[in-house]
Amino acid sequence: MSTSFEANMNDYLPLRDVVFNTLRQAILKGELKPGERLMEVKLANKLGVSRTPIREAIRKLELEGLVRMIPRKGAEVAEITEKSLLDVMEVRKALEELCVELACERMTPEEIEELRQAAKDFKQIVISKDITKIAEKDVQFHDIIYQSTENNKLINLLNNLREQMYRYRVEYLKSDTVYPQLIAEHQEIIDNIESRNEEAAKRIMGSHIANQIEAVRQAIRKKQK
């Protein structure tokens, strides 16, 4: 674990939340590797806390699919597998296709302008090569579409998947060769929402998510060789 691991600790949140967020970021950034065991004593010493918030954080991370419990061995960082990828991303694809369909009906001109700005922000931030910031701007783009649906049940479903989707989003964004395609897809999504073309919007959103699935799948297979 690198020194940035400790740098994530701060005094502005309850300790259990600080520990959870720190471990979560360490997993998402690859500071804690897939398959690496999470030793409560070692982590507690590293972060300067008791074992209780470590144990609570590990339990929450297991619920998010970032950690798995192994009988007689304890907790370890969950591997990124094709099965786990598809389980999450197939659901995301269906929900986001519904989102753009509803957005074509309900997104206001003001929200369309907000979406345009989010796309511009994403285009500008990719120059930084900062995966965390790039992922944040990508999340903001999609969040505007979610909110425009005015369907709280749909938004809640997507929020429940948020952390698991984030892991695959980060994995996808590790390759900067995908950025031009992502920028083009964002623009197509905006154009079709603005023209209220539901079928085209659903098609490009489906392709947008499918491209991510395939890229991460290939990355998984490459690591397995």
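We're numbering straight along the sequence, starting at 1. Predicted, not measured: the structure shown is a model, and the values here were computed from it.
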Separation of [Y] [atom2] from [X] [atom1] (nearest 0.5 Å):
| X | Y | atom1 | atom2 | result |
| --- | --- | --- | --- | --- |
| S195 | I190 | OG | CD1 | 12.0 Å |
| H142 | M205 | NE2 | CE | 5.0 Å |
| I183 | K120 | CD1 | NZ | 13.5 Å |
| L15 | I54 | CG | CD1 | 8.5 Å |
| I213 | M89 | CD1 | CE | 5.0 Å |
| E198 | E97 | CD | CD | 13.0 Å |

Is M39 linked to V67 within one hydrophobic cluster, defined over Ile, Leu, Val, Met, Phe, Trp and Tyr using a side-chain heavy-atom separation of less than 4.5 Å?
no

Sub-4.5 Å side-chain heavy-atom contact between [X] and [Y]:
| X | Y | value |
| --- | --- | --- |
| F20 | E56 | no |
| Y172 | L182 | yes |
| Y168 | R92 | no |
| I58 | E40 | yes |
| D130 | I125 | no |
| E136 | R169 | no |
| L86 | R217 | yes |
| R167 | I27 | yes |

Minimal non-hydrogen separation, [X] against [Y], with atom names:
| X | Y | answer |
| --- | --- | --- |
| C99 | I145 | CB-CG2, 4.0 Å |
| E36 | E31 | OE1-O, 4.1 Å |
| G35 | E76 | O-OE1, 3.7 Å |
| I193 | A103 | CG2-O, 3.9 Å |
| S148 | R106 | O-CB, 3.5 Å |
| P53 | V19 | O-CG1, 3.8 Å |

Check step by step if side chain to side chain contact (heavy atoms under 4.5 Å, CB included) holds for K93 and H208.
CA-CA 9 Å; K93 182 173 180 289; H208 184 63; over 6 Å; no

Step through the shown structure and confirm whether more than 12 heavy atoms of other residues, nucleotides or ligands are within 6.0 Å of CZ on R203.
no

Is it true that atom NZ of K133 has more than 12 heavy atoms of other residues, nucleotides or ligands lying nearer than 6.0 Å?
no

Evaluate the side chain to side chain contact (heavy atoms under 4.5 Å, CB included) criterion for residues L173 and V126: first the C-alpha distance (whole Å), next the side-chain angles of each, then the deciding distance (0.1 Å), finally the verdict.
CA-CA 10 Å; L173 293 172; V126 297; over 6 Å; no

Please determine, by modelled atom types, if [X] and [Y] share a side-chain donor-acceptor pair under 3.5 angstrom.
| X | Y | result |
| --- | --- | --- |
| Q218 | E214 | yes |
| Q147 | D143 | no |
| N192 | E199 | no |

Quick one: does [X]'s side chain have a donor or acceptor within less than 3.5 Å of a partner on [Y]'s backbone?
| X | Y | answer |
| --- | --- | --- |
| E111 | T108 | yes |
| T22 | V18 | yes |
| D138 | I134 | no |
| R196 | C104 | yes |
| Y146 | N151 | no |

Should the ring pair H186 and F141 be called parallel, tilted or perpendicular, given that the plane angle runs from 0 to 90° and is split at 30 and 60?
parallel

Just do the side chain to side chain contact (heavy atoms under 4.5 Å, CB included) check on R162 and V139 with the steps written out, would you?
CA-CA 9 Å; R162 181 176 294 270; V139 168; 3.3 Å; yes

side-chain contact (heavy atoms from CB on, under 4.5 Å) partner of L23, the single match among V77, L66, L61:
L61

Identify whether the distance between the nearest side-chain nitrogen and carboxylate oxygen of K202 and E101 falls below 4.0 Å.
yes

Would K60 and D17 satisfy side chain to side chain contact (heavy atoms under 4.5 Å, CB included), going step by step from the backbone distance to the final call?
CA-CA 10 Å; K60 286 181 67 177; D17 294 333; 4.1 Å; yes

Pair E79, R68 - check salt bridge (charged side-chain N to carboxylate O under 4.0 Å, His left out), show working.
CA-CA 9 Å; E79 299 280 355; R68 65 173 185 162; 5.8 Å; no

Output, in order, the C-alpha distance, side-chain angles, deciding distance and verdict of salt bridge (charged side-chain N to carboxylate O under 4.0 Å, His left out) for K174 and E171.
CA-CA 5 Å; K174 286 179 181 177; E171 191 68 24; 3.1 Å; yes

Going through the checks in order, is the side-chain hydrogen bond (donor to acceptor under 3.5 Å, both in side chains) test met by E185 and N211?
CA-CA 10 Å; E185 288 169 351; N211 288 338; 2.6 Å; yes

Which residues pass the salt bridge (Lys or Arg N to Asp or Glu O under 4.0 Å) test with D191, not counting sequence neighbours?
none

